[in-house]
Chemist: 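Take a look at the following structure, please.
Below, chains carry the letters A, B, ... as their sequence lines are ordered, and counting in each starts from 1.
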Amino acid sequence: FPISKYIHAPDGDAQIPSTLQRIYIKDLNHDSQCTDKYVKGTVIMKHNLIALTRGEDMLKAVIEEHAHQHAKLSETTSINVFSFGKLAKDFSDKINQGDTIVITGFRLGMSPTVNKDKRHLCQIELEERRATIYVCPAAFSGQSSSNPKPKYTYVPLNELKPGEVANVYGIVTFFKQPFQTKGTDYCLVLTITDESGVKLGCSIFNEKLEALPQIYKIGDIVRFHRIKSLLFNSKLSGMTSLGFSALTFDGRVGTPVCPRTSSKTYHFGEEDRRIVEKLRQWAATIYPNLEISLATVQPKSFFDLTCQLLAKAEISRACVLLKVWDGTKCPHRLLKILVEPSAIEGNMAAIQDLQDLIVEILVYDNHVEVAKKLKPGMYLRIYNLHAKLQASGTKEQTSNECHLGFHLHGGTSYGRGIKVLPEDSSDVQELKKALESANPEDTMDDLTLLNACCTSAIENSLNAELSPYQEDPLTGGFAVLTCHHTVKSDLLSNVKNSTPPQKFHIKAKLKSYQPDKLYQSVKLYCPKCKRVQEIPDDETIGSLFQEALNLPVLSSDSWYETFLWESSTDVGRKVAVHFVNVLGSEEHLLTLVQGATLEEVCRLSTKFESIIPIKFSEDQMTLLDLSAPFLIQGKKWSYGCKHCSCVKNIGLYLEQEMVWEPENTAEETVLGVELLQYVFLMKFELDDGTASLDAILWEDAEKFFQMLPVEVMVNRAMQEKMQMTMATLCPPGKHFDELPWLEFCIGTYTTDENEDRSVYYQIFDTMVAEKL
DNA sequence: TTAGGGTTTG
């Protein structure tokens, strides 16, 4: 009885309603009136069930009409049939290759593959609601068919006789990619074996490349009709003879028994299915599944890889670089190949998202021609890929450390080559599942989490949980991590198209930064008026000291002790040094200096902890112009804001406020001076291949470098550390492709001052993690 | 007719 609209009809056409009329496939065209018609044909090809993105199943099959008496050679009698929904599932489960089916309630569409498959101009589309399929299984159709099918016998390989033509089944133990012969044909060279244990080397010729048997991998099963046995080098070998035809099957137990063939018609019945299943079982015991993935590949080995191409680049006339992935992570340190970014063709966004899952393959010589024709997105099988341990690649990869490089060497020995796998092959279906489950796109798309992570309250706990140390495979030293680096990263193009204010997690390269002189990245900032200013240069400061040289020198007072020195450079000039003993402690000695040059103050600062340069003006002790440092503590010079400070008689202040400790610079105001803070301010040019933008490193810069700007000012080691950090993040003299990928959090914002509402980008919540 | 397997040295 009918299940859905699939009807089992072993008695041929008997169940077809008499109101329906047969329409021959050759007579179908897009104007055909189909409502009261049916099409009858034999299933000559059945593809795997495919789940469409909208959740519905789809199945493609090809049916062919039995050639009838008046058929002309030019007439197309095979047509593609697409069934959808439950009908597709039924088709997959219950209809086999070789079955005869009757289709009603179909719709006709134009076949988009007509140029490729040379089948009917139209395709038949079967929807669950309207269509009905009547099935006459192959086992019965033979009885009702007017053309009795030839009976094939298959000869075990050990029983083949030289000079004889036979039909054989076998398992592929070796094959080479088809190639053009010196004659007129293409040639496929392969070796097959069967349960007899005998191996038969075969040469299959055809003038059309696509007409040769489609072998995807060792272990595939072939069925050859009319293969001729010949003696060559005293061994038996097989060769195509007149009328040769072939079917190929996946050799793995459990995969659909679905023949691949270029034959327009062929016989495939239950007996054949049984033979294939039996061969599969046998092969499974002798050739265990040795599929190798990027996760399991052993260095110094040759292997076959099923993968998807993401990008490619021509390195030279004899070498092409392929960037591929198979959804697994290669645990080895990988060789990095340097390429001009402009030379890369492919999906840059995918390359970014999948960085650690991508491997690079160098393809040489005869394979270059094939590689050039490949398109990113294609599914490939690469045969005899060499996983080679290599001493060094780029300059970063030091020569004493080995990296794993993947090479497809020139030549065809050991079956070396590349094959594009069709999307409906079981290998690709399996690969796609692996890719889908590995792609962070699908698993980490939680913007809510991203936003939550960016609030400072949660940030600390997250920072504590996540390991800040992640070795960058390229640099081996540094990586920039964020507090939420597990969240999916966004593309810069998206960031640029967004409406501010928003926060993003991005992966990008640091193309350049400003200022390039790192000491210039430290600035002075007034927390009160929010002004940022450059640190005055020594020349400017020196002239301010110079101006105050010839003012009268202060006489002694009770709260300090004065010493006078004769200047060593200017005859007759006196330098006054007043020691203020704060809280009677030697350690907190405050030194007021008067009438000294900058150079002299610097020399004094090596001896005395805290120096305040002063001058006398209108009988009051006051500071020099605030463009000069008002407090000098060794190399640490403190400045005040010219706009916000209110400096009057500092003598009065110092006399009364003896408890002031110059060490304590956390105070915002001392001596009426609004203290300026040392801050980092840098501009990073970030680029991820989709866009580039300038982001400032400002409010979170101390966290980023894990250094204080003032330390960078005074400490040579810190300067070197910062220099090294920047050289790691943005190695000088490198091409874009060689730059390391870095992760950043960036925020977009506009400012009120800006009338044009320009968008700014700022780096936040990001820090440089140093390798332990 | 043709090809008839057996690792680059990047």
Side-chain angles (χ1 to χ4, degrees), chain A residues 157 160 162-163 170-193 198-209 211-213 215 217-220 222 224 227-242 244 246 292 297-305 312-322 334-339 359-369 371 382-394 397 399 402-419:
Chain A
L157 297 179
L160 292 171
I171 291 167
V172 177
T173 61
F174 168 80
F175 74 107
K176 282 206 306 197
Q177 289 307 305
F179 55 95
Q180 175 103 59
T181 65
K182 285 175 187 160
T184 57
D185 293 345
Y186 287 91
C187 178
L188 168 70
V189 168
L190 77 164
T191 305
I192 59 171
T193 189
V198 165
K199 284 190 173 182
L200 184 73
C202 303
S203 301
I204 312 297
F205 297 99
N206 198 297
E207 60 179 350
K208 287 180 193 157
L209 184 62
L212 289 169
I215 314 287
K217 64 216 285 191
I218 306 280
D220 278 355
V222 292
F224 291 156
I227 189 157
K228 189 175 184 180
S229 300
L230 298 162
L231 271 178
F232 175 73
N233 284 345
S234 67
K235 279 176 88 177
L236 211 58
S237 66
M239 204 185 111
T240 40
S241 72
L242 195 65
F244 173 89
I292 291 164
V297 64
Q298 292 300 310
K300 295 195 250 180
S301 69
F302 289 85
F303 70 112
D304 296 344
L305 178 69
K312 59 168 187 169
E314 280 186 51
I315 304 291
S316 70
R317 280 177 67 181
C319 183
V320 170
L321 171 70
L322 304 179
L334 299 176
L335 190 77
K336 178 85 186 163
I337 291 120
L338 315 176
V339 200
V359 299
E360 300 182 331
I361 297 170
L362 286 171
V363 164
Y364 299 98
D365 305 338
N366 53 313
H367 311 297
V368 164
E369 205 184 341
I382 302 175
Y383 305 93
N384 197 234
L385 193 51
H386 187 187
K388 188 185 180 191
L389 274 182
Q390 286 170 288
S392 75
T394 62
Q397 295 172 342
S399 54
C402 274
H403 295 77
L404 197 61
F406 293 96
H407 302 261
L408 186 69
H409 297 296
T412 59
S413 47
Y414 279 86
R416 209 174 295 136
I418 304 175
K419 179 161 184 67

Chemist: Checking the side chain of H403(A) only, and the main-chain atoms of K388(A) only, is there a donor and an acceptor separated by less than 3.5 Å?
Modeler: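 No: the side chain of H403(A) does not pair with the backbone of K388(A).
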Chemist: Taking the six-membered ring for Trp, are F302(A) and H386(A) parallel (under 30°), tilted (30 to 60°) or perpendicular (over 60°)?
Modeler: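 Parallel: the ring planes of F302(A) and H386(A) meet at under 30°.
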Chemist: How should the glycosidic conformation of dG6(B) be described, syn or anti, under the criterion that syn lies within 90° of 0?
Modeler: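 In terms of base orientation relative to the sugar, dG6(B) is syn.
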Chemist: Could I get the full list of salt bridge (Lys or Arg N to Asp or Glu O under 4.0 Å) partners for K176(A), not counting sequence neighbours?
Modeler: none
Chemist: One character per nucleotide, please: for nucleotides 3-10 of chain B, 5' to 3', B when the base has a protein heavy atom closer than 4.0 Å, S when only the sugar-phosphate does, - otherwise.
Modeler: BBBSBB-B
Chemist: State which residues pass side chain to side chain contact (heavy atoms under 4.5 Å, CB included) with I292(A); sequence neighbours excluded, sorted by chain then number.
Modeler: T296(A), V297(A), F303(A)
Chemist: When you compare the side chain of R317(A) with that of V368(A), does any pair of heavy atoms fall below 4.5 Å?
Modeler: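 They are not in side-chain contact.
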